Student: 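Have a look at this one before I ask anything.
Residue indices begin at 1 and follow the sequence shown. The structure presented is a predicted model; accordingly, all values stated were derived computationally and were not measured. What's counted below: heavy atoms across the whole structure, side chains too, no hydrogens, waters or symmetry copies.
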Amino acid sequence: MNLLETKSINAFYGNSQVLFEMSLNIKKNNIIALLGRNGAGKSSTFKAITGLINVKSGSIKLKGKELIKQSTSKRALAGIGYVPEDRQVFPEHTVEENLELGKKNNLNGIDNWPIDKIWETFPILVKLKNRQAGQLSGGEQQMLSIARTLVGNPEILLLDEPSEGLAPIIVEDIAKILENLKKLGVTILLAEQNMHFCMEVAKEAIIIDKGKAVWTGSLNDLQKDTKTRDKYLAI
């Protein structure tokens, strides 16, 4: 069984359709890259899965359970973890307080991400635990946003453009964090434009163009397929 499955999603911002029969299948314990140009529909796909935009038809299933009529909060409780592109940390709260605000057990009442495990996985946050989140750098805020989502014990992490606007050395640090999360069994759907970054952390990819999935396969195959890259990913 797929961990997350969307089938033929048609989604809208108001009267404007942004997703067209969008389908994807995500297996457990994997990192899948969702690639596409700006405006291709990557963030819209995440917002449809989380219930933040109107989905008029289609199916969204997590572990076989239909979520399409569930509220955003119930989808979060079911195990959808969302790290938005703009991070959305609570700027006037400390790092530790941000983590406390995101804390919840999974549906079985189990806590797979106690705070000690967070400090171990994100050592950079340990020395920052008493600092206000608004005083952190962009890279530090990105790590905090990922950590805050993990303490909610999600079944899957929807990670939107984590490398955007960050210095290359910080992007490398985030890649190492994601590689470690994969070893810990975290399932991640990673929306990105940066194919080089995706090559470091993922093996499979889905390309989205004009709100529809147009290609699925291995990143190694995509790297060799210049025709597909030029058609859907070249600026």
Student: Give a yes or no on whether I169 atom CD1 has more than 12 heavy-atom contacts from other residues, nucleotides or ligands under 6.0 Å away.
Tutor: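 For I169, atom CD1 is not crowded (no more than 12 foreign heavy atoms under 6.0 Å).
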Student: Give, for atom CG of D86 and atom CD of Q88, the distance between the pair rounded to the nearest 0.5 Å.
Tutor: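 Reported to 0.5 Å precision, the distance equals 4.0 Å.
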Student: I want to check a possible cation-pi pair here: K210 against F20, using under 6.0 Å from ring centre and within 45° of the ring axis as the test.
Tutor: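 The answer is no, since K210 fails at least one limit relative to F20.
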Student: Would you confirm whether R148, through its side chain, and M143, through its main-chain N or O, come within 3.5 Å as a donor-acceptor pair?
Tutor: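 Answer holds: no.
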Student: What verdict does the side-chain contact (heavy atoms from CB on, under 4.5 Å) test give for N30 and L3, after you've listed the backbone C-alpha separation in whole Å, the side-chain angles of each residue and the deciding distance to 0.1 Å?
Tutor: CA-CA 10 Å; N30 209 351; L3 176 62; over 6 Å; no
Student: Crowded around K212 NZ? As in, over 12 foreign heavy atoms under 6.0 Å?
Tutor: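 No, the 6.0 Å shell around NZ holds no more than 12 heavy atoms from other groups.
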Student: Counting only N and O atoms by type, is there a donor-acceptor contact under 3.5 Å from the side chain of Q142 to the main-chain atoms of I174?
Tutor: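 Absent.
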Student: Is there a side-chain contact between F46 and L34 (heavy atoms, below 4.5 Å)?
Tutor: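 A side-chain contact exists here, since the closest heavy-atom pair is under 4.5 Å.
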Student: Evaluate the side-chain contact (heavy atoms from CB on, under 4.5 Å) criterion for residues L219 and K203: first the C-alpha distance (whole Å), next the side-chain angles of each, then the deciding distance (0.1 Å), finally the verdict.
Tutor: CA-CA 5 Å; L219 274 164; K203 292 185 178 179; 5.8 Å; no
Student: Is there a side-chain contact between N105 and I110 in this structure, where contact means two heavy atoms from C-beta onward sitting under 4.5 Å apart?
Tutor: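 They are not in side-chain contact.
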Student: Under a 3.5 Å distance rule, please check whether K104 uses its side chain to pair with a backbone N or O of A76 as donor and acceptor.
Tutor: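 Yes.
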Student: How many angstroms lie between OG1 in T187 and CG in L4, if you round to the nearest 0.5 Å?
Tutor: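 Answer for the OG1-CG pair, T187 versus L4, is 9.5 Å.
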Student: Measure across L67 and A78 and return the closest heavy-atom pair with its distance rounded to 0.1 Å.
Tutor: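 Reported closest heavy-atom pair: CD2-CB, 4.1 Å.
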Student: Taking atom CG of L150 and atom NZ of K103, what is their separation to the nearest 0.5 Å?
Tutor: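 It is 9.5 Å, given to the nearest 0.5 Å.
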Student: Kindly compute the distance separating CD (E100) from OG1 (T94), expressed to the nearest 0.5 Å.
Tutor: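 OG1 of T94 is found 7.0 Å from CD of E100.
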Student: What's the spacing between D173 CG and L166 CG if we round to 0.5 Å?
Tutor: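 Going from CG on D173 over to CG on L166, the span is 10.0 Å.
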Student: Step by step, work out the side-chain contact (heavy atoms from CB on, under 4.5 Å) result for E97 and F90.
Tutor: CA-CA 9 Å; E97 287 169 344; F90 298 105; over 6 Å; no
Student: Report the C-alpha separation of K56 and N10 in whole Å, then their side-chain angles, then the decisive distance to 0.1 Å, and conclude whether the side chain to side chain donor-acceptor pair (under 3.5 Å) test is met.
Tutor: CA-CA 6 Å; K56 290 194 175 179; N10 291 290; over 6 Å; no
Student: Within the distance-only criterion (no hydrogens, no angle test), does the side chain of S145 pair as donor or acceptor with the backbone N or O of R87 below 3.5 angstrom?
Tutor: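 Checking the backbone N and O of R87 against the side chain of S145, a donor-acceptor pair under 3.5 Å is found.
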Student: Which heavy atom of K42 sits nearest a heavy atom of Q193, and at what distance?
Tutor: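 Scanning both residues completely, I find the closest heavy atoms to be NZ-CG, 3.9 Å.
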Student: When you compare the side chain of Y82 with that of L52, does any pair of heavy atoms fall below 4.5 Å?
Tutor: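 Yes, side chains in contact.
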Student: Any sub-3.5 Å donor-acceptor pair from R229's side-chain atoms to A234's backbone N or O?
Tutor: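 Side chain of R229 to backbone of A234: no pair is present.
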Student: Would you say the side chain of L159 lies within less than 4.5 Å of the side chain of L178, judging by non-hydrogen atoms?
Tutor: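 Yes - at least one pair of side-chain heavy atoms lies under 4.5 Å apart.
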Student: To the nearest 0.5 Å, tell me how far L35 CG sits from C198 SG.
Tutor: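 Output value for this atom pair is 4.5 Å.
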Student: Between the side chains of K176 and E200, is the shortest nitrogen-to-carboxylate-oxygen separation below 4.0 Å, so that they form an ion pair?
Tutor: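 Here E200 does not pair with K176 in a salt bridge, since their nearest N and O are not under 4.0 Å apart.
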Student: Taking T50 for the side chain and K47 for the main chain, is one N or O donor matched with an acceptor at less than 3.5 Å?
Tutor: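 Answer holds: yes.
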Student: Tell me whether I207 shares a hydrophobic cluster with I31, the cluster being built from Ile, Leu, Val, Met, Phe, Trp, Tyr side chains joined at under 4.5 Å.
Tutor: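 No, it is not one cluster - the side chains of I207 and I31 are not joined through contacts under 4.5 Å.
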Student: Do you reckon L158 sits in the same ILVMFWY cluster as L190, going by side-chain contacts under 4.5 Å, direct or chained?
Tutor: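 Hydrophobic grouping puts L158 apart from L190.
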Student: Would you name the heavy atoms of W215 and G217 that are closest together and state the gap between them?
Tutor: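 Looking at all heavy atoms of both residues, the shortest contact is CZ3-N, 3.3 Å.
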Student: Which pair of non-hydrogen atoms, one from A191 and one from P162, has the smallest distance, and what is that distance?
Tutor: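 Taking A191 first and P162 second, the nearest heavy atoms are O-CD, 3.8 Å.
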Student: Taking the side chain as everything from C-beta on, heavy atoms only, tell me whether N180 gets closer than 4.5 Å to T121.
Tutor: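 When only atoms from C-beta onward are counted, T121 and N180 do touch, with a gap below 4.5 Å.
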Student: Check this for me: Q135, atom CD, are more than 12 non-hydrogen atoms of other residues, nucleotides or ligands nearer than 6.0 Å?
Tutor: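 Above 12, so yes.
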Student: Are there over 12 heavy-atom neighbours, none belonging to K129, within less than 6.0 Å of that residue's NZ?
Tutor: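 Enclosed.
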Student: Checking the side chain of S163 only, and the main-chain atoms of V171 only, is there a donor and an acceptor separated by less than 3.5 Å?
Tutor: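 Side chain of S163 to backbone of V171, a donor-acceptor pair under 3.5 Å: no, none is there.
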Student: Check E155 with K63, please: is the shortest side-chain N to carboxylate O separation under 4.0 Å?
Tutor: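 Between E155 and K63 there is a salt bridge, with a charged N closer than 4.0 Å to a carboxylate O.
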Student: Can you check whether I208 reaches M22 side chain to side chain, under 4.5 Å on heavy atoms?
Tutor: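 Yes, their side chains come closer than 4.5 Å.
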Student: List the steps, then state whether side chain to side chain donor-acceptor pair (under 3.5 Å) holds for S59 with E66.
Tutor: CA-CA 7 Å; S59 172; E66 182 62 68; 2.6 Å; yes
Student: For residues W113 and L101: do they belong to one hydrophobic cluster (side chain heavy atoms under 4.5 Å, members Ile, Leu, Val, Met, Phe, Trp, Tyr)?
Tutor: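 Different clusters: W113 never reaches L101 through Ile, Leu, Val, Met, Phe, Trp or Tyr contacts under 4.5 Å.
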Student: Side-chain heavy atoms under 4.5 angstrom apart, residues restricted to Ile, Leu, Val, Met, Phe, Trp, Tyr: same cluster for I49 and Y13?
Tutor: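 Result: yes, single cluster for both.
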Student: I need the minimum non-hydrogen distance between G185 and N29, along with the two atoms involved.
Tutor: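 Heavy atoms only, the tightest pair is O-OD1, 2.9 Å.
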Student: Quick check: does any side chain N or O of Q141 sit under 3.5 Å from a backbone N or O of A133, one acting as donor and the other as acceptor?
Tutor: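 Here the side-chain-to-backbone pair exists.
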Student: T6 side chain to L24 main-chain N or O, any donor-acceptor pair under 3.5 Å?
Tutor: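 Such a contact is found between T6 side chain and L24 backbone.
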Student: Would the distance check show the side chain of E140 and the main-chain N or O of S137 forming a donor-acceptor pair, the cut-off being under 3.5 Å?
Tutor: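 Such a contact is found between E140 side chain and S137 backbone.
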Student: Under a 4.5 Å cut-off applied to non-hydrogen side-chain atoms, are L99 and W119 in contact?
Tutor: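 L99 reaches W119 side chain to side chain.
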Student: Just do the side-chain contact (heavy atoms from CB on, under 4.5 Å) check on I26 and I156 with the steps written out, would you?
Tutor: CA-CA 9 Å; I26 307 299; I156 186 169; 3.9 Å; yes
Student: Going only through I, L, V, M, F, W and Y residues with side-chain contacts under 4.5 Å, is there a path from F12 to L19?
Tutor: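 No; tracing contacts between hydrophobic side chains, which count when under 4.5 Å, never links both residues.
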Student: Can you name the closest pair of heavy atoms from V83 and I146 and give their distance?
Tutor: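 Here V83 and I146 meet closest at CG2-CA, 4.1 Å.
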Student: When you compare the side chain of I32 with that of I188, does any pair of heavy atoms fall below 4.5 Å?
Tutor: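 They are not in contact (no side-chain heavy atoms under 4.5 Å apart), so the answer is no.
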